[in-house]
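One structure below.
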Amino acid sequence: MTSRPGEVVRFRFDGRDYEGRRGDTLAAALLANGVRRVSTSVQLGQPRGIFSAGGEEPNALVQIETPFPEPMLPATTVEICDGLVATGLPGKGRLADRPDPARYDTVHAHCDVLVVGAGPAGLMAAAEAARGGARVILADERPAPGGSLLGTAEAVDGLPGRRWAAERAAELDGLADVRVLCRTTVFGHYDDNYLVAVERRTNHLGAAAPATTARERIWRIRARRVVHATGAHERFPAFAGNDLPGVMLAGAARTYVNQYGVRPGRRAVVLTTNDTAYPAALDLAAAGIEIAAIVDVRQAPGEEWARRCAERGIDVLTGHVVTAARGAGELSSVVVAPEDGGQARDVPADLLLVSGGWTPVVHLFSQAGGTLRFDEEIGAFVPGDTQARDVRLAVEVAGSARGVPTLSGCLRDGAEAGRRALAAAGFAVPDQAPPPAVEDEPAAAPARHLWLVPAADGDGDDYREHFVDLQRDVTVADVLRATGAGLRSVEHVKRYTTAGTAHDQGRTSGLLTSAITAHALGLDVADLGVTTFRAPYAPVSFAALAGRDRGHLHDPVRVTAMHDWHVARGAPLENVGQWKRPWYYPLDGEDMTAAVLRECRAAREDVAMMDASTLGKIDVIGPDAAELLDRLYTNMMSTLPVGSIRYGVMCRPDGMVFDDGTVIRLAEDHFLATTTTGNAAAVLDWMEEWLQTEWPSLRVHCTSVTEQWATVALVGPRSREVLAGLAPGLDVGNASFPFMTWRDAEVAGIPARVCRISFSGELAYEINVRSWYGLALWEAVNAAGVTPYGTETMHVLRAEKGYPIIGQDTDGTVTPQDLGMAWVVSKKKADFIGKRSFSRADTVRPDRKQLVGLLPEDTGRLLPEGVHLVEPGGTRALGHVTSGYRSAALGRTFALALISGGRERVGERLHAAMGEEMIPVTVTHHVLYDPEGARRDG
Amino acid sequence: MAERRNADRRSADRRSPLAGFAARFETASAGGALRLAEIPFLTQLNLRVDAKSPAAERIGRALGTTLPVEPGSAVRSGDLTVLWLGPDEWLVLGPDEGEAEIGAGGAGLRDRLVEAAGSADGHVSVVDVSAQRTTLVLAGARARDVLAHGCALDLHPRVFGPGRCAQTLLARAQVVLVARETDEFWVLCRSSFAGYVAEWLLDAAAEYVT
């Protein structure tokens with residue numbers, strides 16, 4: 001085998017250096033180097049070898065170390081590259097301890113026909129669909145198209161199968177509306193033909209992988225029709241020692257010989273229940289592997305196969321079984337005996353090929369909602385009627401995925417499925433082309449479905465070496481224990497034994513588990529059924545699913561027009577929903593506490609500014625705009641004069657506060673409503689929901705203008721003076737521009753709408769300009785000697801005034817009355833959302849939690865949010881702190897809290913429970929600063 | 001004079017959401033497979049009106065084209081584009097009008113539409129949303145491939161060719177997507193999301209521009 005052709009690839013496995021060939025899987029390369037023990041099993045610690053040649057591998061799991069650590073990959077699917085370092089897994093893998101530098105991405109794709117599987121049937125289906133002009137995607141999990149042709153080396157149209165497949169695929173890929181995806185596993189088939197696949201794009205390139213190419217790509221595919229040409233997996237019967245390294249599926253051994261030029265052993269015994277192991281044995285013999293015997297559980301194989309074996313001098317033992325595989329750590333001999341109980345003999349061999357028949361890969365079909373039926377001929381479940389009364393699927397199934405046994409049959413079946421899909425997708429179906437020619441296809445004799453070779457002594461305990469699920473180390477004894485415990489459903493047996501729950505999801509073992517269970521219960525496996533198939537068909541890495549949604553693209557970051565200025569000024573940012581808002585602006589040497597106290601003083605004693613652009617803004621226009629707002633807000637909006645502004649609260653029908661903000665009347669039929677930063681989209685949705693579902697007769701349109709405007713809040717006793725300087729054309733006098741009114745003006749030469757509103761209790765303005773001018777306005781205001789402040793100072797200033805933040809001081813269980821804002825609830829309006837709830841017994845009970853202020857006796861003690869309050873000596877929680885700050889204006893710390901019957905408790909002494917410590921506090925009215933409101937006019 | 005000075009100053013003061021990305025867009029466009037650029041300051045008006053009303057007809061005359069009523073369609077009329085956003089909602093795009101005042105004033109597009117709408121029948125809303133979103137142009141042979149990384153819609157030319165538009169998601173941001181030419185798309189995104197969308201597009205384009 002050292003003379004295999006091809007480019008040499010060097011890799012390392014379990015600490016030893018090896019050479020393989022370009023295109024080898026790790027499994028093929030290991031077999032070529034005589035490595036037969038690859039891993040140890042997860043429960044029993046048994047040595048395990050390579051059992052299959054594809055993604056169904058239950059045994060040979062490896063940990064990749066280089067190029068990048070990845071756990072639990074089947075060696076049968078890892079393509080070797082120079083510098084690959086891997087180790088055999090002792091059951092469990094290990095994730096990388098460093099960030100993955102590779103890219104991962106997603107593509108959304110649409111097609112008329114998606115064909116899953118590029119074997120003989122899939123290639124023909126795709127070719128027919130493409131010939132009719134459909135948009136086609138053909139996906140296959142292997143590196144090259146061909147499916148079974150890769151391993152069987154059968155000829156099609158006079159060409160070696162692999163070449164025939166490559167040529168067909170290349171023709172297809174050259175068409176404008178066809179996409180051929182190799183190394184792409186379709187792992188989920190969801191409703192309405194939405195399928196998800198993962199493409200492995202660079203793993204096989206190793207260090208040569210381009211940095212800009214995604215390592216793995218998730219394909220999200222919408223297909224009008226899907227053709228499942230997913231093929232079949234070979235299965236095996238349960239017999240003693242069937243987990244030893246050296247026991248291998250017959251088709252897999254054939255693949256190693258034909259596709260990779262690798263001999264997986266020197267002397268082989270073949271155990272089979274059907275004819276497909278015969279060409280495998282003959283191919284192995286032709287490659288120089290001695291076939292010690294073919295053990296056929298049937299009375300007779302196909303005549304032509306018997307003849308060819310005789311011609312090659314291969315001993316065929318019909319009516320025999322393998323009762324045990326033996327060896328220390330790996331296979332050394334096979335015990336063969338007549339099934340009806342004759343003399344057993346020990347046949348020396350290092351390879352035991354097994355074939356228990358072929359199980360159609362119906363996972364995706366079943367995920368899509370398709371029902372299965374048992375096919376007696378192939379002894380497996382196959383797709384049922386796709387057009388059954390209660391399940392109409394836009395799906396075709398073709399080839400061995402629905403039990404078609406021959407190559408010529410699969411080619412024909414695929415073409416027909418492609419034509420059905422084409423017609424169903426609404427295309428004219430072109431004339432039928434002659435099917436590709438297959439020459440060597442001997443007639444097959446019927447298979448026999450043998451699941452279990454009885455143990456020598458027939459005792460239940462003797463089934464501890466009859467493996468059912470190799471990956472989970474589940475044996476026939478385990479299944480018998482489950483049925484002995486009274487379990488009668490395969491779903492329960494699966495969960496009791498863990499059979500079918502491993503990485504391979506029981507691809508080789510699922511049907512066997514059902515058959516053994518049925519056998520133990522005296523049932524027919526056709527009646528017992530198999531466990532449910534669920535996505536994903538194959539394991540998918542989280543990194544692939546995350547795609548681009550990582551790091552700085554993990555979630556959208558929303559910023560205002562002034563954002564770069566905030567960052568340049570060194571402001572730490574606070575997350576408010578997806579917005580990044582400046583938290584505070586530290587000067588050199590300042591910590592947060594010092595910065596916030598300084599900013600608060602500037603706002604209360606001088607003049608300060610804040611970026612308020614993130615507030616939600618909604619234009620409400622129409623003859624019934626005032627009526628809509630009257631119904632949405634608890635207070636009256638229709639009486640608001642044009643040119644004025646009113647604060648309002650919205651409640652849910654249960655009377656609980658949902659949002660608050662100001663409403664500006666721009667014209668008789670035109671209002672601008674502002675919302676809290678985090679609720680802008682929810683409030684617009686709320687308005688639309690009521691307009692569209694309950695009040696479609698109201699003539700109102702609502703339009704989001706949140707980002708049309710940038711807003712600078714100008715706050716403090718000197719704000720009028722600063723505004724006058726920036727807006728010489730604006731009469732800023734208190735009488736001509738009173739509180740809660742707005743004016744259009746030029747500010748710093750920029751067209752602006754100036755609103756006299758205050759969220760701090762100070763004389764204040766909010767200057768709105770089109771967001772393009774936000775930065776220019778900000779810089780102009782700042783240049784007038786105004787101190788910038790961030791969200792923390794905003795919170796302190798509003799809390800000193802007892803203004804709640806919806807979502808911080810409220811939690812969906814708080815009424816306006818609880819917040820001390822009974823004044824905002826209209827007594828005159830006939831109705832508004834939430835009104836009815838204000839007369840419910842629960843909303844008027846006196847011990848509701850109400851918003852109060854708290855003053856810690858230790859004036860330096862800060863109360864964290866969430867701390868609970870109790871009566872001194874008491875244990876019953878009365879409520880909790882919702883906001884806690886240091887106040888420059890009060891010269892001490894304070895807090896807001898929701899406390900049961902809080903307003904009645906003003907003046908009481910309570911304890912804030914901080915773990916073991918009880919902090920004495922005094923309950924106060926929630927407005928702690930300037931309760932008379934003397935400061936708002938400057 | 002003072003007015004003139006103010007106008008100049010405003011022009012200098014105006015900054016588009018993606019002004020800081022110009023150089024990176026240029027680099028990404030250098031290879032020829034893609035062209036990525038911001039088209040700043042387009043006039044954008046959100047129009048709500050009953051499509052069957054006389055007001056809609058008058059507005060159509062003012063626009064020089066009937067308001068499109070086929071879902072997801074976009075029509076062009078001179079330098080204007082009218083995008084169907086909903087059964088009674090359109091987005092009208094026009095060239096940068098510079099320094100129109102906040103309220104009325106000037107003979108801007110908004111005023112023309114408000115005038116055409118009149119007040120006699122029905123109710124019409126014309127809302128200036130020019131600064132609410134910015135516009136990205138993504139063009140070239142690989143433009144569709146880049147979008148397909150983050151947009152779940154079928155962008156095949158037969159399905160989403162010139163004259164189609166959609167409100168959809170690009171990655172995790174809401175956008176209005178417009179097919180201008182076979183290989184040219186406009187992506188209108190909210191100003192606050194523009195940086196995210198630009199970063200995402202540059203990342204998605206990396207594979208095609210190097």
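When reading the values below, keep in mind they use all heavy atoms of this one structure, side chains included, and skip hydrogens, waters and symmetry mates. Here is the naming used below: chain letters follow the sequence lines, and residue numbers restart at 1 for every chain. Just so we're clear, the structure is a prediction, and the values are computed from it rather than from any experiment.
For A:Val107, the parts lying under 4.5 angstrom from a heavy atom of chain B are both the backbone and the side chain. For A:Leu553, the parts sitting under 4.5 Å from any heavy atom of chain B are the backbone and the side chain alike. In this structure, chain B has no heavy atom under 4.5 Å from any part of A:Thr614. If you measure heavy-atom distances from A:Asp177 to chain B, the contacts under 4.5 Å come from the side chain alone.
With hydrogens and angles disregarded, no donor-acceptor distance shorter than 3.5 Å links the side chain of B:Ser125 to the backbone of A:Ile621. At least one donor-acceptor pair under 3.5 Å links the side chain of A:Gln708 to the backbone N or O of B:Ser130. Under the 3.5 Å distance criterion, the side-chain polar atoms of B:His149 are matched with a main-chain donor or acceptor of A:Thr106.
B:Phe193 has its side chain within reach of A:Gln578: a pair of non-hydrogen atoms, C-beta onward, lies under 4.5 Å apart. Counting only heavy atoms from C-beta outward, the side chains of B:Asp154 and A:Arg135 approach each other to under 4.5 Å. Taking 4.5 Å as the limit, every side-chain heavy atom of B:Asp13 sits out of range of all side-chain heavy atoms of A:Glu779. The shortest distance between side-chain heavy atoms of A:Arg201 and B:Glu207 falls below 4.5 Å.
Of all the listed residues (A:Ile218, A:Val700, A:Thr560), the one sharing the greatest number of non-hydrogen pairs under 4.5 Å with chain B is A:Val700. Chosen from A:Arg103, A:His563, A:His670, the residue pairing most often with chain B at heavy-atom distances under 4.5 Å is A:Arg103.
Atom CH2 of B:Trp200 sits about 6.0 Å away from atom CZ of A:Arg548, to the nearest 0.5 Å. Between the OG atom in A:Ser704 and the CZ atom in B:Arg190 there is a gap of 4.0 Å [rounded to 0.5 Å]. Here the straight-line distance linking atom CH2 of A:Trp579 with atom OG of B:Ser192 works out to 4.0 Å at 0.5 Å rounding. Between the CG atom of B:Leu147 and the NE2 atom of A:His108 there is a distance of 11.0 Å, given to the nearest 0.5 Å. Atom OG1 of B:Thr134 and atom CD of A:Glu707 lie 11.5 Å apart (nearest 0.5 Å). Note that OH of B:Tyr208 is 10.0 Å distant from OG1 of A:Thr212, once rounded to the nearest 0.5 Å.
Relative ring orientation between A:His701 and B:His123 is described as parallel, the plane-to-plane angle staying below 30° on a 0-90° scale split at 30° and 60°.
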Hey, mind stepping through B:Arg15 and A:Asp564 against salt bridge (charged side-chain N to carboxylate O under 4.0 Å, His left out) and telling me if it holds? CA-CA 12 Å; B:Arg15 188 170 187 270; A:Asp564 291 350; 3.3 Å; yes

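Within residues 156-167 of chain B, the residues having any heavy atom closer than 4.5 Å to a heavy atom of chain A are B:His156, B:Arg158, B:Val159, listed by residue number.
For the residue pair B:Pro17 and A:Trp772, the shortest heavy atom distance occurs at CD-CD1, 4.4 Å.
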